[in-house]
Amino acid sequence: MAREDKEAQEDELLALASIYSEDEFKRSETAPGGEICVCLDLPPNFSVAIKGDCASNEYMGSFESIVSFLPPIILNFELPPGYPSTDPPAFTLSCKWLSPSQLALLCQRLDDLWEEYAGGVVLFAWMQFLKEGTLEYLKINSPYEIQVCEFGPQCIKNNSGISDSCSATGPAEAVIWDKRAIQDVESVAALIDCILDFNEAQQKKCFDSKWYMCNICFSEKVGSECTHFKKCEHIYCNACLKDYYTVQIQDGQVQALNCPEPKCSSVATPAQVKLLVGEELFSRYDRLLLQSSLDLMADVVYCPLLNCQTPVMLEPGGTMGICSNCNYAFCTLCKMVYHGVAGCNITTEKLVEEDLEEDQDEKLFEEDLEEDQDEKLVEEDLEEDHDVFTPEKLILVREEYLEADAAGKKLLEKRYGKHKILKAVERKSTEWLETNTQQCPNCNASIQKDGGCNKMICRKCNKDFCWLCFAVLSTENPYDHFKDISSGCFNQM
């Protein structure tokens, strides 16, 4: 190799490395050469399509999408000893969305540029042409239908250097054969995935490098520290969204993780939520979101046993639920043990009567006694309490149980029976709900009002309703109900 050629090669490679990023130019460590990746600047709203008539029968659907970026054209080159004085660079040109025929035309154009430069360095000129002139040179416009050609035994090169057949998404056409032109495609499905993934990755890269104003803290933040809601295009910084979503999740409002912009209906994706709040809080969000989704399903109820609470699917029109976890069969209306065609009766007096009847069951008492480590103490407690287990006593036992520690709870369960204790606790919850809450007119969820106006929002179904007359209000203008003179709730918001 002449000293002048060696110096020219080294200078050219150093210049390319200083001009372009590592994503665009990679110099080979073993030989004078490298790899050039050229991403084209596409026009706005550029549409690409693949038709479902591929002769390989691998893809029978159709694909069309608007993209901002397409996978790069890759130029692999090696500089021979006689470059640039006498010999051109040896190269291959590969691309996923250009056909071999189109790539062959580009190879010919690169050869022509080498001839035009007549012994000068040419790599920079090649890169400029590929980046700025490819679309115009190949007459590519939007919408662009990608040709997928598959060279195999059925593709035979004739003496003129033209291929006689081509399996393509478009009509069969003669393809210029050039072994330097490579359409790097495994399958049409893989090509579609590559196009979509690359477009999304490049859009994210561009977003991360720009600066945006957060309308919550009114600070400018770089895109890598912001979240972009694609549906509405609103952008907020991660720090503000993390605080906002953390409060919502801790309060159980998992259906309200939406874009903070007023009157915006865009909702954060689970992936965005996980990135913002972390694993621990996301687990709570995921669990509550599943629970709220189940709550909105009319054919799903929860096992009424407090130590179970497993979701139970109901048969259409049926009133019996059977828990898959504990096998408890219950009435879906009164949540008591399934009673067949008999009517529901869940008054406090009836429940107390059932508890007294349970006390007479010697078998149940014997089982409780066998579980107790101090049998004598239990017998004394039962003799003391059996005859005076009135509704008032039931309330006292329930309050004692709720305030006791784990050991105290265990002792009370052995003294009075675990089933009876749990029923008493459950009855307290039911009585509290009946006294302190009202039901949502849309989904029947129990709601407590502890202040504020009479325009309420159900956190289960997100419906607005009036606390006075329990009418479901308009989503667009819920306050009109209190402005209507004909309404009984006029001026009573």
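Keep in mind that this is a model prediction, so the values were computed, not measured.
- Looking at Q183, its side chain does come within 3.5 Å of a backbone N or O of Q147 through a donor-acceptor pair.
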Can you list, pair by pair, the side-chain donor-acceptor contacts under 3.5 Å of residues 218-228, counting residues two or more places apart and other chains?
residue: S219; atom: OG; partner: C217; partner atom: O; Å: 3.4
residue: T227; atom: OG1; partner: N238; partner atom: OD1; Å: 2.6
residue: H228; atom: NE2; partner: E233; partner atom: OE1; Å: 2.8

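- Put simply, the side chain of Y328 gets close to the backbone of V337: a donor and an acceptor are under 3.5 Å apart.
- Of the inter-residue distances, the one linking T269 atom OG1 with K274 atom NZ reads 11.5 Å to the nearest 0.5 angstrom.
- The main-chain N or O of F69 is found under 3.5 Å from a side-chain atom of N199 such that the two form a donor-acceptor pair.
- Side-chain contact between D184 and I74 is absent, with no heavy atoms from C-beta onward closer than 4.5 Å.
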For this session: Kindly indicate, with the supporting measurements, whether the criterion side-chain hydrogen bond (donor to acceptor under 3.5 Å, both in side chains) is fulfilled by E261 and Y236.
Result: CA-CA 9 Å; E261 192 76 15; Y236 290 90; 2.3 Å; yes
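- Taking the six-membered ring for Trp and the full ring otherwise, Y285 and F282 have centroids separated by under 6.0 Å.
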Validation: residues 466-475 side-chain donor-acceptor distances under 3.5 Å, sequence neighbours left out:
residue: S474; atom: OG; partner: E476; partner atom: N; Å: 3.3
residue: S474; atom: OG; partner: E476; partner atom: OE1; Å: 3.2
residue: S474; atom: OG; partner: N477; partner atom: N; Å: 3.3

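- Between N141 atom CG and E136 atom CD the span is 10.0 Å, to the nearest 0.5 Å.
- The line from CG of L257 to OG1 of T246 is 9.5 Å long, rounded to the nearest 0.5 Å.
- Looking only at distances, no side-chain donor or acceptor of Q250 sits under 3.5 Å from a matching main-chain atom of V247.
- The CD atom of E145 sits 10.5 Å away from atom OG of S47, with the distance rounded to the nearest 0.5 Å.
- Side-chain N or O atoms of W97 include one that pairs as donor or acceptor with a backbone N or O of P71 at under 3.5 Å.
- Sequence neighbours left out, the pairs with a member in residues 300-325 that pass side chain to side chain donor-acceptor pair (under 3.5 Å) are D295-Y302.
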